[in-house]
Amino acid sequence: MKIFNLFKNKKNVINKKYIPYGKHHINKSDIEAIVSVLKSDYLTQGPIIEIFEREISKKVESNYAIAVNSATSALHIACLALGLKKGEYLWTSSITFVASANCGRYCGAEVDFIDIDQNSGLISIENLKSKLKKAKLENKLPKIIIPVHLAGSSCDMKEIFKLSKIYGFSIIEDASHAIGGGYENQPVGNCKYSDISIFSFHPVKIITTAEGGVAVTNNKVYAQKMMDLRSHFIIKDSERFIEKNTPDWRYEMQELGFNYRMNDIQAALGLSQLKRLDNIVMRRNKIYQKYKSLLKGSPLEFLEVPKNVYSSFHLVIVKLHESKNYKSVFNGMRENGIGVQLHYWPVHLQPYYKNLGFGEGDFVEAEKYAKRSFSLPVYPELKDKDIEITSKLLKNLLN
Ligand SMILES: *Cc1c(COP(=O)(O)O)cnc(C)c1O
């Protein structure tokens, strides 16, 4: 994070300490869990990973969970499990972290974007519908669509699922922000309306394994494929050998896999963190409510949370009214030690994607959103006083 301009005008600081936009939470049990792995027989590929996977499955109500070394890896093997190939299309939101799009490129696929709904920041169902109609006529329908649960709010999965039945695409939910959240009174990631969901355990996310991620699914074939892909596609079970005369003390590498494994130290941390998930998400909801009441009447809007959604509030995003000077407010917050952050600059405007032919004006709602919005600090240990300081500063800057 770029912090060189923090506290630039030291004279008029309201806030004396640096408040980042997000921060991991580590307690004594987390540390003990890690130490106990360090003292055990296994650092990698030990027994804790399976326990962690089982607990994740229980929590999100999916049949299978495959823990990996990052959500980016989870997205990659999810695309491969769904058979994404060179020349095929993958669509995702333009307002997301770059990994939601890059996984398509790893498979040699063409990536395209879906414009967002200005109120929620989530993919616009209207835009998706018309884009699908057009793609059908042009014979360019996507193989995979990746809805992104921005800030922790689930997309309208029921609608997207309906469209997948009409147009024949697969769905990966990028739920990197959304563990512990709900959609229609069910846990986000249960794959009721998707093929695979992925979560991130990067330290800024809801719970952490330092680096790490998980792919969950209810489909046995996808689960097996992802398990094989994360570990070199080396098969040790002789019943699965392709060559029938291979003796059962050997192993077979059957396809091109990767080393995307999570280790036991990470899994132990994740398992310990998972126990606090509900409390963490509740605290994040409280922080959001407090910001909302303190900033009531200010010339800004909070991202709208859809009616049937319980957000995990990985992010609390505000959009300034168009009359306001974004740059001066954003910099004013930073100069006073509040680490506001833009989530996200549209992926289609990143130089890499511009080189593939995308440009300014391609997804106007996403571009409009990105020029008005930023994230306020939200993490379990954020004090009520910090929320008050942040809100007061923001109000001052908006006046
Ligand atoms: C963080 C994030 C990822 C990638 O997560 P890693 O675990 O860092 O690889 C993917 N998608 C979204 C939306 C994210 O926020």
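Counting starts at 1 for both ligands and their atoms, in listed order.
Contacts with ligand 1 closer than 4.0 Å are made by side-chain heavy atoms of Y344 only, the backbone lying farther away. At a heavy-atom cutoff of 4.0 Å, ligand 1 is contacted by both the backbone and the side chain of T72. Residue-level proximity to ligand 1 for S176 is carried by the side chain, the only part with a heavy atom below 4.0 angstrom.
Residue G212 places a heavy atom less than 4.0 Å from ligand 1. Heavy atoms of H343 come nearer than 4.0 angstrom to ligand 1 in no pair at all. Ligand 1 is never approached by G213 to a heavy-atom distance shorter than 4.0 Å.
A pairwise comparison of heavy atoms in E55 and L274 identifies CB-CD2, 3.6 Å as the closest pair.
The shortest N or O to N or O distance between T96 and ligand 1 is not below 3.5 Å. Considering backbone and side-chain atoms alike, A71 places an N or O below 3.5 Å from some N or O of ligand 1. Ligand 1 has no N or O atom lying under 3.5 Å from any N or O atom of H202, backbone or side chain.
Close approach of ligand 1 to S200 (heavy-atom distance below 4.0 Å) involves ligand atoms 1 (C), 5 (O), 6 (P), 7 (O). Atoms of ligand 1 lying under 4.0 Å from any heavy atom of S100, numbered from 1 in the order shown and given with element: 11 (N).
Proximity of the aromatic rings of F52 and F201 is defined here by a centroid distance below 6.0 angstrom, and this criterion is met.
E367 and H348 share a side-chain donor-acceptor pair at under 3.5 Å. Under 3.5 Å, the side chains of S272 and D30 contain a donor-acceptor pair of N or O atoms. Between the side chains of T217 and N219, no donor N or O sits under 3.5 Å from an acceptor N or O.
In this structure, F113 and Y353 have perpendicular ring planes: the angle between them is above 60°, well past the 30° mark. Aromatic ring pairs are classed by plane angle as parallel below 30°, tilted from 30° to 60° and perpendicular above 60°; the pair Y193 and Y183 is perpendicular.
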